[in-house]
Every structure is written in C-alpha cells, then in structure tokens.
Student: 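Next up is a structure, given as structure tokens.
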Protein chains: 2
Amino acid sequence: MRQISQYLSVDCVLFGYNGSELEVLIVDRTLNDEKSGELVINDCTLTGNHVYEDEPIEEAANRVLFDLTGLDNVFLEQFKTFAHPNRLKRPNDQLWLKSTGRNPEARIITVGFYSLVATDKVKLQWKGRNVRWVPVSEVGELAFDHNLILEEALRTLQTRIKYEPITFELLPDKFTLTQLQNVYEAIWGIELDKRNFRKKVARMKYLIQLDEKQTGVAHKPARLYVFSRDVYDKTKKELFDFTI
Amino acid sequence: MRQISQYLSVDCVLFGYNGSELEVLIVDRTLNDEKSGELVINDCTLTGNHVYEDEPIEEAANRVLFDLTGLDNVFLEQFKTFAHPNRLKRPNDQLWLKSTGRNPEARIITVGFYSLVATDKVKLQWKGRNVRWVPVSEVGELAFDHNLILEEALRTLQTRIKYEPITFELLPDKFTLTQLQNVYEAIWGIELDKRNFRKKVARMKYLIQLDEKQTGVAHKPARLYVFSRDVYDKTKKELFDFTI
DNA sequence: TCAAAAGTGTTTCAGATACACCCATGT
DNA sequence: ACATGGGTGTATCTGAAACACTTTTGA
C-alpha cells in the first residue's frame, strides 16, 4: 500500500487557451452536512493533489494532469512553493480538511506547478468532481490560498513567455500566426501590431511554415505553422528573440 | 518550546562578490566516530536550516542569514523546491542524519533560496562551524543534493540579473561602474565592452552619480554611484533595460 | 457583393556592437 | 616617470515602432 505524504501536496495551475482568452482549470468543492444534508461548502479550487511518500513531486504533478486530461507529456514547470503556517486555516478549509479525513492542524506545504495545454486537446474528467475552464479574468474567490497561487503562476507565465518558446503549448500542433499573436495578447492583456509581430516571428527559424492552409473559414484562409523543438534546440542563441 | 518541522527545511545559497569572482558561502560538515574519534565525514554543504512549525519559510531563510552574517534585510528569493525521495539517501548523508538525531528514513523537503550580499559587509559567524567563501567555479562535491541546488540557484541568478536590478546587492552601497560591470561579468562568465556598458547604464536614471570619488587607489580615482530603489520603482518601465 | 480575417512594406528611431586613445592618481 | 585603471565618441547595423491597403475565401 502506497503511503500518502501528510505534509506535502502539489497544486497545478493548468492554463488553457480557448481562441480568445487565457483560461484556467477550476474544480468545484462542495460539502454537504452529514446529518442535514445541507450544502455547507460550495466554492472552487485549483487542481491539486497529495504526493506519495516515494514519489517525486514532478511525477505527482504529472499524475494530477494525467488524471485530469488524459494527456501525458504536458508542459509543466514548478514555479513556487507555498508553506505559510496559516495557509489552510480559514474556517471552510478547516472544515474541508476534517471532512476528508485530514488533520486540520497539520502544516501542509504545497509545491506550485503551472502547465499549458491546448484546450481542444483535452477531454476533462476528474473523479466525478466538476471541473471546468474559467477565463483567468473571471476567476472569483478560491479556496485555500489558491488565489495567491494563481496570481504567482500567471506572473511567472507572463515573464516566461518572453524568454522561452512555450506559447505553442497552448495551441493545436498546427496553428496560424494570428493565433500565436492572440496567445501573447491574451497572456499579457495588451494588443500587438500584426505586421511587427510577423516580422519578428519570421526571424525564428523554428517556426516552420507548412504547405497547408486553414479550411472552413469564411475569409482568406491562413497558413499553418508548426513549432520545431529540434530546430529550436539547435539555435538556442536566439532565445531572447522571444521578448516580442 | 518551539517545535521544529521534521519534514521541511530551507537552504540558502548565499552569493557574494569579492571584487573579482562570484563566491558562495560553504559550511564544513565534519563528524567524528563516537568511539574511535576518527573523522568519518569531512565535506561541505550550503547553508541551510530547519523551519519551525509556526514559521513562514521566508522567515526561516532570513533567520539562517541573520545567524550567519548578522545582516538583516538581505536580498533573498525563493527559487526552487527540492523534494526527491532519495535526496538524502547517500551513505554519508544518512550517517549525518542519524548522528544529529534525525530520522534518516524521513522525507525532508527543502525550499531553496538564494541571497546576495557584499562580502565586505559581512562578518561570518555560525555556531562554531567553519564557514567560508568559495569561488563558485571552485566548489567541489557537496553533501546532500547541494550541488544541484547550487546549480539551479546560479542559473536563476544569471537569468534574474537580466531583468531585475539586484546586482547592486553584491556591491558596497557606493560603487564604481567598473565594479558593477565586473559583477555582470563574474555572474555570466563573459567579458563586456566598457564603453558600451557605460552607455547602457547611463540611461538608467536610478543609478545616481555621487560627487565622490574613490580614494587611495594608485590610478585615476573612479566616480562613485548609488542605486536608488525609489527612482527605480518610479521608472519601472525601464525594467528590461537590464538585459545588458 | 459583402463580411471577415490574411497578408504585406516603408520610414523613422533607439539601442547594440565594434573599436583606441588620453587622463588622473600613487608609487 | 611609469604603471594602473578611469573615462570618453563615432560609425555601422539591427531591430522596434508606427502605420493602411489589397487579397482570398465562405456565406
């Protein structure tokens, strides 16, 4: 029997992109009173989970994502650890811990990961709990310290996309330059100039133009591109070209 | 009696600059056999410590630094958490844990912080244990997973100084532009052009030229500068000018 | 034929790079 | 007087920013 760590968890901020907005995966947390059946907790959390005693945290985070999306090999990066002694001390959180058999007094520290997926690659599923995409701008108050975790994850993402080629993770394998531009715009919350953007990405050899075009769109169909990690790894010098 | 967490620690990678090289603070770890008195462990670690159950990790890290340097308000940033189940499983590490009254089977996770100080501000002192500055390039094999931690800290530092005004932390309050340039060169391990460097920093309004010069040097004395966080906070837009 | 997004070029300006000599001080 | 590091300017090139119209498709 595999032991669960009583002190360590992982939380995954799973970002997705729906074609216009940056979204994040949110789980409903509901608790009914044992006797009255009355709904005593009804709020939301990020996706997270326990870590097995013999399990590296990266594996635990991957496990959460796999359970959730069925996807393996998802982009995943540790960004910060949250360990404040009071992070689970709000009344609802204490109630929740008790009702799920945890010691509400224990200090549980959580390692935050963020992850990027193309929402259309994902069929959501999580052990009967209700899971859904919510635009980052519309996320309300979350349980635990999850608003803080989300905030830090977003800040990390905003910085990271300047220097690392990870925006592709939010798109289908084949994507248009407009989609790529939209991802940057959604993450930064600003608008970019189309011509300048295209001049910029034209320099990136690892963005490979295909002989394919969009179909089924009611306008001039756009060319499709793929990201080549191979080419990227061979031309790492251009890393900082990602500053846009 | 304040309880110590059995599962959580902090490690601080304390970087210093000695005028020519980037250094890191290293602690000797020695253990004598109880009976024979023979030296059974004689190696080095980074500086780290336990966390009290009711103590935020940032405070724990600050406490380590204060005990070590007598300095408060030192630059300190969490960079990564290390939690691999086998991270303390090498024979010497197991021996050490046993001999210091810890459970060698327990999984101890550690949150890594890095910190920057001007070595000449510091009088080292650490509970009788031998502590010293070692150039980063000359650090040998360290105990636990501390080589990995150091590596990640250095990588973080190299990236961070491109976008954040933190190099000043490694210098005396008043410094010369050559010293500043040397810090970048030491951290990146490359040489920079003096004239171009000066043109670049001349644009940074938060580098304030004093009406003071070096004294006691056997050459034309250099002008002294200070970093103004005030001005920096007011002109944050220029953040990315730090790319050098 | 219209609506909708794709795609494209020029000008101007700021900053990156490359590069070599004279200056002020202590010994 | 000499050794040492301080301090400066110019020319060239690359990339950032600002900006508007034509093209291709489906409805």
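These numbers come from a predicted model, not from an experiment. When reading the values below, keep in mind they use all heavy atoms of this one structure, side chains included, and skip hydrogens, waters and symmetry mates. Throughout, protein chains are lettered first and strands after them, A, B, ... in sequence-line order, and every chain is numbered starting at 1.
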Student: Which sits closer to the 5' end of DNA chain D, B/Leu177 or A/Lys213, going by the nucleotide each is nearest to?
Tutor: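 Mapping each residue to its closest nucleotide by heavy atoms, the 5'-most match is B/Leu177.
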Student: Over how many whole Å does the gap from B/Glu212 atom CD to D/dG6 atom C1' extend?
Tutor: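 Answer to the nearest Å: 17 Å.
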Student: Between A/Thr47 and A/Arg129, does any side-chain donor sit less than 3.5 Å from a side-chain acceptor?
Tutor: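 No.
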Student: With respect to the phosphate group of C/dG15, does any side-chain polar atom (N or O) of B/Lys200 fall under 4.0 Å of OP1 or OP2?
Tutor: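 Result: no.
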Student: What is the distance from NZ of B/Lys162 to P of C/dG15, rounded to the nearest Å?
Tutor: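 To the nearest whole Å, that distance equals 20 Å.
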Student: Out of C/dA18, C/dG7, D/dT8, which nucleotide sits closest to the side chain of B/Asn196?
Tutor: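 Looking only at side-chain atoms, B/Asn196 lies closest to C/dA18.
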Student: Take atom CG of A/Asp193 and atom P of C/dT8, then tell me their distance rounded to the nearest Å.
Tutor: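 Between P of C/dT8 and CG of A/Asp193: 14 Å.
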Student: How many Å lie between OH on B/Tyr225 and P on D/dG6, as a whole number?
Tutor: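 The distance from OH of B/Tyr225 to P of D/dG6 comes to 12 Å, rounded to the nearest Å.
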Student: Looking only at side-chain atoms of A/Pro221, point me to the closest of C/dA18, D/dG5, D/dT24.
Tutor: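 Looking only at heavy atoms from C-beta outward on A/Pro221, the closest nucleotide is D/dT24.
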Student: State which of D/dG6, C/dA6, C/dC19 makes the closest approach to the side chain of B/Thr178.
Tutor: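 My answer, after comparing the listed nucleotides, is D/dG6.
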Student: Can B/Glu212 and B/Lys174 be counted as an ion pair, charged N to O under 4.0 angstrom?
Tutor: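 A salt bridge is present here (some side-chain N lies under 4.0 Å from a carboxylate O).
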Student: Check whether more than 12 heavy atoms from other residues, nucleotides or ligands sit under 6.0 Å from atom CD of A/Glu138, and answer yes or no.
Tutor: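 Yes, because the 6.0 Å sphere around CD of A/Glu138 holds more than 12 heavy atoms from other groups.
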Student: Compare side-chain N and O positions of A/Arg223 against OP1 and OP2 of D/dT23 and report whether any pair is under 4.0 Å apart.
Tutor: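 Negative; the distance criterion is not met.
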Student: So what does B/Arg198 touch, heavy atoms closer than 4.0 Å: a base, only the sugar-phosphate, or nothing?
Tutor: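 Counting heavy atoms under 4.0 Å across all strands, the contact made by B/Arg198 includes a base.
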Student: To the side chain of B/Arg195, which of C/dG15, C/dG9, C/dA20 is closest?
Tutor: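 Of the candidates, C/dA20 comes closest.
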Student: Give a yes/no verdict on a cation-pi contact between B/Arg29 and B/Phe144, requiring under 6.0 Å between NZ or CZ and the six-membered ring centre and an angle within 45° of the axis.
Tutor: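 Flagged: B/Arg29 positioned over aromatic ring of B/Phe144.
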Student: What nucleotide, of C/dC23, C/dA4, D/dA17, holds the atom closest to the side chain of A/Lys199?
Tutor: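 The listed nucleotide nearest to A/Lys199's side chain is D/dA17.
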Student: Identify which nucleotide among D/dG5, C/dG7, D/dA27 has an atom closest to any side-chain atom of A/Ala218, counting heavy atoms from C-beta outward.
Tutor: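 So the nucleotide nearest the side chain must be D/dA27.
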Student: What heavy-atom pair brings A/Leu124 and A/Arg132 nearest, and what distance separates the two atoms?
Tutor: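 Scanning both residues, the minimum pair turns out to be CD1-CA, 4.1 Å.
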